Every structure is written in C-alpha cells, then in structure tokens.
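Inspection log for the structure reproduced underneath, given as structure tokens.
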Amino acid sequence: MRFGIGLRAGVAIAAMGLGLGACATVPADTTDTGVASAPVADTEEAVVADFVSRMSLERKIAQLIQPQINSFTPEDMQRYRFGSYLNGGNGGPYGDEYAPASEWLRYADEMYDASVQPLPGGEPVVPTMWGTDAVHGHTNVVGATIFPHNIALGAAGDADLVRRIGQATAVEIEVTGIDWNFSPTVAVAQDDRWGRTYESYSENPELVATLGAALVEGLQGNPANADFLGTGRVIATAKHFFGDGGTDNGVDQGEVTGDLAELMEIHAYPYPATIEAGVEAVMASFNSINGRKMHGNEDLLTGVLRDQMGFDGLVVGDWNGHGQVAGCTVTDCAQSLLAGLDIYMVPDDWKALMETLVAQVQDGTIPMSRVDEAVTRVLRVKYRAGLLGDAAQRPSERGVGGRYDLLASPEHRAIAREAVARSQVILKNDGVLPLASGANVLVAGAAADNIGQAAGGWTLTWQGGRELERDLFPNATSIWEGLESAIEGSGGSATLSEDGSFTQRPDVAVVVFGERPYAEFAGDRPDLVFRDEEGLELLRSFQAQDIPTVAVFLSGRPMWMNRELNAADAFVASWLPGSEGAGVADILTGAREATGRLSFTWPATCEGEPLNSADGALFPLGYGRSLSETTSLGDLSEDCAALMVGPSREMFGSGRLGEGVTAAVGAGALPNLLGSEGGVTARGFDRNAQEDSRQITMAAGSQLTLSQDEDSGGAYRITYEVLGRPSAPVTLSTGGTTVDLTPHFAHAVEKGWREMVITEECAGTLGESITFATEGNISFRIAEVARTDLPEGTGCSF
Ligand code: BGC
Ligand code: BGC
C-alpha cells in the first residue's frame, strides 16, 4: 500500500471542482515532491531513485521502449531489457493469435525470466512488463469473457457495474501473466462517424469521467486499499490524451480544432477523475490539436497533464504515434521524449529507435535529466505494481496466474450478462415486447447466431469479424442461443432462420442485424447511413405478411435507422453485447425490466450533422423506453440524400477488404487479406496508418484473386509498390483477359507508391475479380484496390 494518493486526489478534485476551464489556472503545486511527504511514497521514491542511479544509459533507454511481441526474441529481451512490450490486436504469443491461455502465460514467464537475468557490475535488474488491449474483457485470448463495448456500458450507466467489469477483466488478464491494460478509453466522442465511437462511454464528458474512473478502480483496485495493484489487479491506462473523440468530421487520428479551454472542457474532462482514481498510465493520442500532434505537445503532455492535473504515473505513446510528429520518423524522435512522453510504443523498429535515442543523449540533444525523469516514472509504476525488488514474482507465480478456471468463470459471465441486459435500449415498442410467453418466435438475420459480429472490433483480432469461427468462442452464448433457451424455457417455440423463411407461420419475428465489426480508422464513415439492407428487407417482408417484428440492431454507434424503425414494431439498440447473448433475451422476454438509456444522441437525419446536438435528435440523450411504454412513434421521414450515393466500391482500402469482397488463393482464402495460404503471404503494412496496407509475397506459381460478390463495374484502380524486380512473368487477369505486368513491375521497383489503372482499353470487358499470377517469386504492397467510373476511352496506366 502507498499513500501518495491523498495528495493526488485532493488536487484532482480541486481541478474538477473549479470546472475544467479553470484547469488552466490551477497552480502547479502538485509536483512529485509534494507526494514525497507521505511515508510510503518516501520509500517508493527512494527505492526508485536508487535503481535509476545505478542504471546504464542503454538500460535506461530500454525502459522507454515498447516493442510488440514476435518482433523480438527472448535473447533480444535478455540483451536489451525492454521496459515493457505489447501484444497488438493482431498479435498472440509465438505468432499464434489464437494460442491457448497457457501459451500466453508461458510467453509471459519466458520474457520475464529473460528480463531478470543478472547484469554485470551489479547493475540493477528491472523486470519487464506486458501490456495488452483488454478493452472489453481480455478479448485477445480465446475463451475469455467478452463484455459489451463501452458505448453499451454508457447506456447501462452504472459505475458499480463498470467497476465489477474492471475487476473481472483484471483477474482474467492476470491469469495469463499480463501486467498492464491499455484501457479505459475515455474518449468523449462528439461525431458518431468516428470509427472508435463504440470505445467511448458517452458523448457526455461527465458520464465518461464517472465510468472511466470506475473502470480504473476495478482494474487496479482502490489506491487507499491494501489490494491496490495486488492479486487480480493490473495497471490501467486512460487513453488517448486528449481529443481523440473530437477530430474534424470524426476522422480517426485527425485534427482537432477550436478554443483550447473549450476543447479541454469536453475532451480532457475525464482525466482528473481517472487520476484521482489512481490510474498509473496515460496514453498519448494520435490526433493533433490546432495543428500540433499530441505526441510532441509539451504544453499539453507536460504542462496540463503533469503540472496542472498532477499525474505522476507514466505516459505511453500510441502505435508509432511519435513518428507522426512534425520532423520525426518512427526511428528518430527526440521531440516526443522532450515533450513528456515516457514510453515509445514502437512495435517493430525498436532497435533503430533505441540507437538514435542513446546517441541523442550522448550528443546532448536530450538531457540526461529528462531520461532519468521518464525512467523514474516507469519504475515508480513498476514499484507500485510490485515489480521492483525482492518481492517481484514470475507471472505464473503471482496471485491468480495460471488459474484458467477463472477465464469466463460463471461469476464473470454473470456480470457480462447483466451488463448486456442493462445496456439494451428500447427505442420503439408498439406492444410486441415483451415477447408473449408461449409464442412461436422466428429468429432471423445472419447476425443472430454470430458471436464475432455481436462482439465487434478488438475481439480475438484487431478488427474482429463475423467470419471468426464459432469454435473460437468456447465460452459464449449467441443472441439466438440465448433467445432459444429463454423462449423454450417458458413454453414457447423458437426457430432460427437466417433468411426469414418458415414453414409454420410465426407469431412474431426477431430480426438481428447490424454493422460488421471494425476497429479504429477502418470504422470511419462519411455519414450515418446504414447501407446494408439485409435487416431492412427481412423486416419489410415480415411486415408485408402481417407478422409483428422486433428489430435488434447491433452497432458501434447510433445510426440513421428511420427505414428500419418504420418497418419494425419494436426496435432495440443492442450495441455490441459480446459473449453473453442471453442478456438480450432477458430484455426481450421481460425477464428483466429495460433500464438502458442512450448515452449518445440518436440522429434524426442521415448525414451525421448536426452532431450530437439536441436539435438533430430523433431520440435525445437519456432516451430509452421501459417495457411497458408503448406510445406510438409514428411514421418517420425516410428522406436521405446520402442514400442516393451508392455504397463505396472499395475492394481493399484502409486496411480491410470491402463488403462482399474475398481474397482467394489456390483452393483457400485469406480472410481480410491476411495470413499465409497457397504460396501467398499477406501481412499488415503501415503506409499512412497502422496496417492500412498489405505486404504480399507470392511464391512461384501462385495466384491471388480479389473478387466482388456483385460486379460493381468501373475501372480497377490499384495503389501499389513493388519491392523487387520480377524474375519471371507476372500477370493480372480480369474478365477473361490477361495483362502482362512484368515490364511494369520491373519499372516500378524502388519507385515508391504508384497507381495502376486497368480499363477496358487494355483489358477488354472487366470482370468482378482480378487475379495476380506469377511464375517467379515476387513481393509487392497494396494500399488500395477500388472500382472507379472513368471517362470512356481512358487508357490503362501502371
Ligand atoms: C495492430 C493492432 C494495433 C493497431 C494499432 C495494428 O496494426 O495489428 O494490434 O492495436 O495496429 O492501431
Ligand atoms: C490504438 C490504441 C492501442 C494500441 C495498441 C493503437 O492503434 O490506438 O488504442 O492501445 O494501438 O494496440
């Protein structure tokens, strides 16, 4: 236990009491020295200072470097002693993203052991720590409890529930040997077109502050209690500081503009509350504020976060976020450290960055005092987490390390089910809910029995996906399964029929449909139109047959749903519930009262503007019906200019395959154009943003085909880069014609990114697919493949 918190909390409360506008005027009397007057903090600071005083420059810098797993070996860990490492959303131990929990723990032990081998000359040994994105449960690991995403928890609106979720998540993380969670996201999303809206509890800063602080307390424990960061607790991270939810047009990692004090009142608002709750880490945001990237913004990272808010934990960067600072590259960025960043998240290029930093300290670009300060912050957090000194333990020997029975334990699943039930928001109900007991219910829609879709992004893979196989969710109940058992348990009958067909006419149909999973920028949208019409068609077809319907809408944000609302007798915003589909059934069958209320304004128009304001609201903040409220909603306008613009015809872009697009290789396929199959290997590559492109290696004789399920027409536009001169013919075929790419690829080598346009001029009739084939080994990258209408007669270009 430590007592530094008394002071920190006092300051944070003062800052909040003054209102955030006033934050800027809170005197900077909250320095680390203030904290040092408490007795435990005394010991803490003395221990940490002793460590720092005995460390070599190289080992100090290593504390500030965070590579991702699989980019280094245990030998690298032993040699360089990284202060921490992470698994990204697409990374699992030993290269296996679906590795069993025991492999995660084995990996944690192996890296821990490598990090604590004795050092020559009595240099102190500092154990490494492992960070992960357990943003809605420990969902990188197969078999863990999958809690609803934050937007749903905002609708449930209960801090105690969020605290319990935090604790359950921390226990599951510790089971697998991991120390640190990159959560909670305390973004205050202001534009629902943003792809991370679902990671935001609410558009309302106060609700975000309350729930964010509750999650911190659940993850870490209460700093005033003896179990703080003890058994079943892990380090939390408030992210992303700050402005992530305030970018222009909701563009991920974009630009935030406006009066600083006003921006802070919204986007910095949750931080004092999480600091008061004892959060040990804050992650810097990718966005810029008024033209300056947060990763290089000393006024905000140091002036506001440290000096005004009194944060004394560590500031970690986001995925190569330092590389986006003006004048920086991923491997050269003194600016970030100087601005107040303590740990560089540098997934792959850690070696070069370390070397640059060491040289920059040696040549005086970076003062040693700043290095010592950053290392002190990292070690301070390690001390609090029990990692410094004799009491430090191997991951498998800690509290619940290796207790695999705690992954998705009945207690944890019960919390998740409660969270699901309490987050369902009923927007319309003409009386069809609750479902009558004894009813014959048809459950339709491809999402009804699809846990990957119900879980959303950050589930097993970074982007999540509806193609994730059912057996990857061993401890889960789909919405269909939950409904089936509830309905049959109360004497009714339930039938699953994805396409809505039936032999026996049902009394009522439940249609489950919604957004396909996405994460980060891949989820950015130009408007709030939901273009997938599967659900709409099902609802309309039941409506035409006079069968009452309940729409269950899975989404990461409110969307313009007037068409579906008109076609349904009841409409439930179900968000992204996760592994406990039974919680949805609890509400539909009336086993629980519906208490979920919107934490985001529901839009009346489809453009996405005006943003989250009462003027543009179909349903205001706080709206949600109880089961007995059946007043008529009336007919809603279905006018939407944006609907006239066809769906995007991108086949690959922003790091993902377009809707209805597949990547085939030989007899197999590469889901989302990732993986290795039939001689083709496709890995994520960072062009402008993380994994927004693919690096593709094709072995001699292999083929790769991208196809649309419906031919959208138009020329093919391909953004590509060739990595080596082809040694044998390379071709591209479409619609029965084959174009020889060999000379063009040879010419493109080392010319950087280029655009290839394939029109009917050189390829004749274009088909719905393109096939790359090669007779030798080749390697190239693709950032975008799209279909575009071009003026007739436009020639091909390469
Ligand atoms: C990685 C994810 C990571 C993300 C950050 C991706 O390239 O696969 O794990 O979280 O980048 O944006
Ligand atoms: C995301 C962070 C995440 C990190 C590590 C980044 O791209 O913005 O939220 O913690 O990747 O996966």
Side-chain angles (χ1 to χ4, degrees), residues 65-71 84-92 97 129-141 149-150 169 173 178-187 189 194-201 212 215 219 234-247 250-254 270 274 279-288 293-295 314-324 330 341 343-348 350 456-464 518-524 556 654-656 684-693:
I65 293 288
Q66 182 175 93
Q68 69 165 330
I69 59 177
N70 306 319
S71 78
S84 57
Y85 59 97
L86 86 150
N87 67 283
N90 282 336
E97 130 155 284
M129 55 184 179
W130 180 351
T132 193
D133 292 288
V135 300
H136 64 138
H138 192 21
T139 55
N140 282 292
V141 178
H149 272 292
N150 288 352
T169 303
I173 294 172
I178 298 177
D179 308 82
W180 178 6
N181 189 5
F182 303 135
S183 173
T185 298
V186 292
W194 185 36
R196 303 189 84 156
T197 299
Y198 66 82
E199 294 188 59
S200 174
Y201 293 107
L215 195 84
L219 288 167
V234 298
I235 297 160
T237 310
K239 72 185 187 186
H240 312 81
F241 186 83
F242 73 80
D244 46 358
T247 56
V251 171
D252 193 42
Q253 310 192 4
T274 58
V279 74
E280 294 292 357
V282 166
M283 187 182 289
S285 196
F286 278 124
N287 60 270
S288 54
K293 282 280 176 188
M294 283 300 311
H295 278 66
L314 65 85
V315 175
V316 63
D318 203 342
W319 191 276
N320 281 333
H322 57 277
Q324 297 188 22
V330 165
L341 192 89
I343 295 182
Y344 291 82
M345 185 185 285
V346 55
D348 301 303
W350 46 268
W458 296 107
T459 303
L460 301 182
T461 61
W462 179 35
Q463 294 292 325
Y518 50 79
E520 301 189 42
F521 47 85
D524 288 355
S654 296
R656 58 194 334 231
F685 175 78
D686 301 358
R687 184 187 177 211
N688 297 318
Q690 310 91 295
E691 296 192 13
D692 60 350
S693 309

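Both counts, for ligands and for their atoms, begin at 1 and track the order of listing. In this text, all values refer to a predicted model and were calculated from it rather than measured experimentally.
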>> Rounded to the nearest 0.5 Å, what separates atom NZ in K239 from atom OG1 in T274?
In response: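 The OG1 atom of T274 is 13.5 Å from NZ of K239, to the nearest 0.5 Å.
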>> Test ring-ring contact (aromatic ring centres under 6.0 Å, His included) on H322 and H295; report intermediate values, then the result.
In response: CA-CA 5 Å; H322 57 277; H295 278 66; 7.1 Å; no
>> I'd like to know if the side chain of W462 pairs up with that of E520 as donor and acceptor (distance under 3.5 Å, no hydrogens or angles considered).
In response: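 Side-chain D/A pair, W462 to E520: present.
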> Is there a donor-acceptor contact under 3.5 Å linking the side chains of S84 and W180?
Replying inline: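 No, W180 and S84 have no side-chain donor paired with an acceptor closer than 3.5 Å.
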>> Side chain, backbone, both or neither: which applies to W462 and ligand 2 if a contact is any heavy-atom pair less than 4.0 Å apart?
In response: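 Answer for W462: neither.
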>> Checking contacts here: is it the side chain or the backbone of L86 that comes within 4.0 Å of ligand 2, counting heavy atoms only? Could be both or neither.
In response: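 Just the side chain.
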> With sequence neighbours excluded, what pairs up with R656 under the salt bridge (charged side-chain N to carboxylate O under 4.0 Å, His left out) test?
Replying inline: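 Per chain and number, R656 pairs via salt bridge (charged side-chain N to carboxylate O under 4.0 Å, His left out) with no residue.
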> Looking only at distance, does R196 have an N or O less than 3.5 Å from an N or O of ligand 2?
Replying inline: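 N/O-N/O distance under 3.5 Å: yes.
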>> Please report whether ligand 2 has a polar contact with W458, defined as an N or O pair separated by less than 3.5 Å (distance criterion only).
In response: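 No, there is no polar N/O contact under 3.5 Å.
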Could you list which atoms of ligand 2 come closer than 4.0 Å to a heavy atom of [X]?
X: D318; result: 1 (C), 2 (C), 3 (C), 4 (C), 6 (C), 7 (O), 8 (O), 11 (O)
X: H240; result: 2 (C), 8 (O), 9 (O)
X: K239; result: 2 (C), 3 (C), 9 (O), 10 (O)

>> Treating N181 as the side-chain partner and A236 as the backbone partner, does any N or O pair qualify as donor plus acceptor under 3.5 Å?
In response: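 It does not hold such a pair.
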